[in-house]
Amino acid sequence: MTGPRHQPLAHLALAAAREAPRPDAGVTLRALPYQPSIILRGESGDAAFVKAFRAGLGFDLPLAPNHVSSHDEITALWLGPSEWLILGDVGPVAPAGQGRLARALAGRHHAIISQGDGRQIIAVSGPRARDVLGKLCPLDLESPDLAPGHCARSILARCGILLHPQPGGAYHLHVARSFADYAWRVLAEAGLEFGVAIASGD
Amino acid sequence: MLLISCPWCGDRSEEEFSCGGEAHIVRPVTPQDMDDQAWGDYVFMRRNEKGVHFERWRHGNGCGRWFNVARSTVTHEILAIYQVGDDRPEVPE
């Protein structure tokens with residue numbers, strides 16, 4: 001897979017806005033670089049489908065709601081009982097049947113949908129990361145259901161997100177690229193009272 | 001604000017959901033045999049309960065799934081949550 005034509009947040013010139021580490025910043029925002037991703041559809045209850053996924057990628061698809069599993073640079077996030085986001089390079093999606101996941105699932109009832117460069121991941125970290133998200137998102141961020149290893153789709157202000165908690169109290173927010181500008185600005189504004197630092201995208 | 005217990009995701013804020021209107025409306029099998037009155041009733045006429053209302057909800061900003069809710073239109077209390085296709089549950093009036 002090739003990278004995006006241009007980053008969804010390129011117009012904000014974040015590389016130029018990048019700052020030296022600020023010890024006083026309560027929250028650090030970082031626009032993560034492009035990462036290949038697909039949506040996988042299939043039935044949780046279809047044992048052959050679940051088994052074929054394991055054969056293809058070497059780890060188990062998360063079947064419990066809002067769980068994440070990963071192995072060898074590939075991460076699978078539960079989005080719904082028949083829907084997963086697979087982050088990482090699982091091989092070409094089109095033409096059909098070329099990638100290792102597509103080969104493993106061939107003949108099974110499923111769909112692999114390339115996400116292209118349609119998504120932007122914003123990393124929110126720092127000691128007040130949870131406080132900033134708590135102002136914008138109705139999820140119970142203190143719940144053990146949102147510890148690392150879990151994920152949840154929800155909303156951030158008026159924008160749909162996929163929240164992926166990371167070790168150390170950081171969060172990865174997945175947004176559609178057309179909402180990336182809005183999500184970035186609303187996070188930066190919500191973080192003002194705690195001090196916002198902008199980090200390198202790498 | 002309602003706290004709605006999604007059958008898959010658990011308790012979530014009402015903001016993540018959208019209400020799909022009255023549940024248990026079955027599409028007629030032979031609409032060609034219906035007169036305009038009966039077809040109009042099917043398309044447009046809905047119960048307007050004061051009390052228990054059975055309705056469809058979708059966890060749109062979540063797992064994306066539809067499910068059914070029994071809700072009191074008087075108190076806003078959610079009395080039961082059940083799968084699409086299941087019969088109306090017994091709930092206290």
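Sequence lines set the chain letters: A, B, ... in the order given, protein chains first and strands last, and positions in each chain run from 1.
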Practice task
Go through the steps for Glu15(B) and Arg158(A) under the test side-chain contact (heavy atoms from CB on, under 4.5 Å), then give the verdict.
Solution key: CA-CA 10 Å; Glu15(B) 287 176 84; Arg158(A) 307 309 303 162; 4.1 Å; yes
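- Here the shortest heavy-atom pairing between Ser154(A) and Glu16(B) reads OG-OE2, 2.5 Å.
- If you take SG on Cys63(B) and CG on Leu79(A), they are separated by 10.0 Å, rounding to the nearest 0.5 Å.
- For the atom pair CZ (Arg12(B)) and CG (Asp140(A)), the distance works out to 10.0 Å, reported to the nearest 0.5 Å.
- Around the CG atom of Asn48(B), the shell of radius 6.0 Å holds no more than 12 heavy atoms that belong to other residues, nucleotides or ligands.
- Contact annotation for Ser82(A): both backbone and side-chain heavy atoms come within less than 4.5 Å of a heavy atom of chain B.
- Across Ala64(A), Pro81(A), Gly160(A), the residue that shares the most heavy-atom pairs under 4.5 angstrom with chain B is Pro81(A).
- Summarising the geometry, atom CG belonging to Asn61(B) is positioned 11.5 Å from atom CG belonging to Leu162(A); distances are rounded to the nearest 0.5 Å.
- For Arg47(B), the CZ atom is loosely surrounded, since the number of other residues' heavy atoms within 6.0 Å does not exceed 12.
- Other residues, nucleotides and ligands contribute at most 12 non-hydrogen atoms within 6.0 Å of the CD atom of Glu189(A).
- Within 6.0 Å of CG on Asp33(B) lie more than 12 heavy atoms contributed by other residues, nucleotides or ligands.
- Atom CE of Met1(B) has more than 12 heavy atoms from other residues, nucleotides or ligands within 6.0 Å.
- Note that CG of Leu139(A) and CG of Asp11(B) are 12.0 Å apart. Values are rounded to the nearest 0.5 Å.
- Atoms CD1 and OG, from Ile155(A) and Ser13(B) in turn, are 6.0 Å apart once rounded to the nearest 0.5 Å.
- Atom CG of Asp24(A) is surrounded by more than 12 heavy atoms from other residues, nucleotides or ligands within 6.0 Å.
- Under a cut-off of 6.0 angstrom, the local environment of NE2 in His71(A) is crowded, with over 12 non-hydrogen atoms contributed by other residues, nucleotides or ligands.
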